[in-house]
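We're numbering straight along the sequence, starting at 1.
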Amino acid sequence: MLEFGIATLILIVTILVGFPIAYSIGLTTIFYIFITNPANLLVIPIRMFSGINSFTLMALPLFMLAAEIMVRTGISSKLFDFVRITRVGRWRGGLAYVNVLASTIFGSISGAALSDIAGLGKVEIDAMEEDGYEKGFACAITAASSIESPLIPPSNVAILYAGTMALSVGAVLYAGFLPGLLLAGSQMLYIKLNAKRLNLPKHEKQYTAAEKKDIRIRGWIAMGMPLIILVGITAGLFTPTEAAAVAVLYALIVGAFVFKNITVKMILDSLWSAGKTTANLFVITSISAVFAWAIGVEQIPQQLSAFMLGITDSPYVMLLIINVVLIIVGMWMETSAAVLLFAPILAPIAVAMGVHPVHFAVVMIINLTIGLITPPVGVVLYATSNVGKLKFEQVVKSTMPLILLAVVILLLVTFIPELSLFLPRLLGFID
């Protein structure tokens, strides 16, 4: 345990001083293996390869590629317009509701909070500012609604977690669906309760019948990709990895033959961007797999579990402690890296306390996504500040009420397991 404590300290220090996550984990892993069992250094390359040699993980680069193509073909603005012409768009604070709904829908395409900001952020903030919304409020709603993306299936983080912890991908994907909708619902309730106090405007723009028809057609075509994916996985027509390949094909067909704006350069840019993101993620994944194997050999999860069980025998107290730890981790560390590093350590402890592994998966993902909008290092806050051209401090101040709402939803999901387990059970992914 002493060696593990030293390794953890090295990991924290290297991250805080600005080392890339992959290097921090790599240095920590090599140090830990060297001081515990130097002979195991020889198996590092084998373990690195086995960490990414997974059919499930093949879905990640394909989903990333599909999202890149859809963003470049203008899917974000089409979805925003699609939601804007609904009845919701005409309520007081209508564009704020539209912001939340569009992000929730777009989350089923992009699967990542930062992708939501990149694809929708500027469209949403500019439209709200043009309609008379205070920029801080527009940025806050945009940042907060982006964290639905890692929960609404198909979610890149959910797929990564399932692959890392050998869980059913379908179970983890659908387990996040209701919590994601709860987050969206809480944000819409906040808008409803504060619409008059904040003097939120109504959206007055009028559309012709022809414009509405065109927007609806393009909107439903854009919605086709997540619908095909979810129906296909649920009906057993294809695996999540095959669904990702179908998503890429659908994005190419829509871009080429429906929106007719896709170019060779656009495809090459999408391939390059998805490739860079995948390479970065898989380097972290492979190194984290070595670290997880090393601490497994040393039985660190079992020792930590015994230590925590000595503190409390209540799974709820244990989950509260883990929630605090994970939110802090999420403030400082990229979500995928945090999953790869901490899931093999914390999940066995929770399961030993009687927590369902799929329930814990969702609790962990929500915690880490809340960290994305929590200062001092919430990366989504910085991205929103950059897109909205507003000072980081102002974005933080405006987002705080929505962060507190997200924490309330986290506590509900933590203490009511059926919020995450109901759909996977209903669809037959778990017993």
Side-chain angles (χ1 to χ4, degrees), residues 70-71 74-110 112-152 180-205 207 215 219 222-223 226 369-370 372-373 378 380-381 383-390 394-403 405-406 409:
M70 295 297 269
V71 168
I75 183 64
S76 51
S77 59
K78 293 173 178 63
L79 274 177
F80 190 76
D81 288 340
F82 177 61
V83 180
R84 184 158 57 175
I85 65 170
T86 63
R87 183 177 298 276
V88 171
R90 296 195 293 271
W91 296 346
R92 176 177 291 279
L95 281 192
Y97 291 112
V98 170
N99 190 323
V100 175
L101 287 173
S103 291
T104 303
I105 296 170
F106 190 72
S108 64
I109 294 173
S110 68
L114 283 174
S115 296
D116 181 84
I117 296 298
L120 270 174
K122 183 171 176 53
V123 174
E124 293 171 332
I125 293 171
D126 287 353
M128 290 179 72
E129 192 176 10
E130 185 182 324
D131 250 28
Y133 288 81
E134 191 266 323
K135 184 175 273 192
F137 178 81
C139 288
I141 290 294
T142 300
S145 63
S146 74
I147 66 172
E148 275 92 272
S149 295
L151 291 167
I152 302 294
L181 293 182
L182 280 175
L183 269 175
S186 70
Q187 292 157 7
M188 294 179 75
L189 180 63
Y190 174 79
I191 295 165
K192 173 69 175 176
L193 296 177
N194 290 277
K196 288 187 178 179
R197 181 179 68 84
L198 297 174
N199 194 29
L200 299 182
K202 292 183 179 182
H203 181 61
E204 304 292 348
K205 183 176 179 180
Y207 299 88
I215 290 171
M223 287 281 290
T369 53
I370 291 175
L372 294 174
I373 59 169
V380 164
L381 293 178
T384 307
S385 172
N386 183 55
V387 169
K389 302 293 187 291
L390 189 67
Q394 291 177 270
V395 176
V396 171
K397 181 180 178 181
S398 299
T399 310
M400 284 308 298
L402 295 161
I403 295 173
L405 269 178
I409 299 302

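Put simply, the side chain of S385 never gets that close to the backbone of L381: no donor and acceptor are under 3.5 Å apart.
Nearest heavy-atom pair, K397 versus P401, reported as atom, atom and distance to 0.1 Å: O-CD, 4.0 Å. Of all heavy-atom pairs spanning A140 and S398, the tightest one is CB-O, 3.4 Å. When all heavy atoms of V395 and C139 are compared, the closest pair comes out as CG2-CB, 4.2 Å. In terms of heavy-atom proximity, T384 sits nearest to A143 at OG1-CB, 3.5 Å.
The distance from the CD1 atom of I152 to the CG atom of L181 is 4.5 Å, given to the nearest 0.5 Å. Within the model, atoms CD1 of I147 and CG of L402 stand 9.0 Å from one another, a figure rounded to the nearest 0.5 Å. Within the model, atoms CG of L405 and CG of L182 stand 11.5 Å from one another, a figure rounded to the nearest 0.5 Å. Taken from CZ in F137 to CG in N199, the straight-line distance is 11.5 Å, to the nearest 0.5 Å.
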Could you go step by step and tell me if K389 and K135 meet the side chain to side chain contact (heavy atoms under 4.5 Å, CB included) rule? CA-CA 9 Å; K389 302 293 187 291; K135 184 175 273 192; 4.2 Å; yes
Steps toward side chain to side chain contact (heavy atoms under 4.5 Å, CB included) verdict (I141, Y133): CA-CA 11 Å; I141 290 294; Y133 288 81; over 6 Å; no
Should V380 and T369 be marked as a side chain to side chain contact (heavy atoms under 4.5 Å, CB included) after you check the CA-CA gap, both sets of side-chain angles, and the distance that decides it? CA-CA 9 Å; V380 164; T369 53; over 6 Å; no
Name every donor-acceptor pair, under 3.5 Å, that has one atom in a side chain of residues 183-193 and the other anywhere in the protein, sequence neighbours excluded.
from: S186; atom 1: OG; to: L183; atom 2: O; distance (Å): 2.7
from: Q187; atom 1: NE2; to: A144; atom 2: O; distance (Å): 3.1
from: Q187; atom 1: NE2; to: E148; atom 2: OE1; distance (Å): 3.0

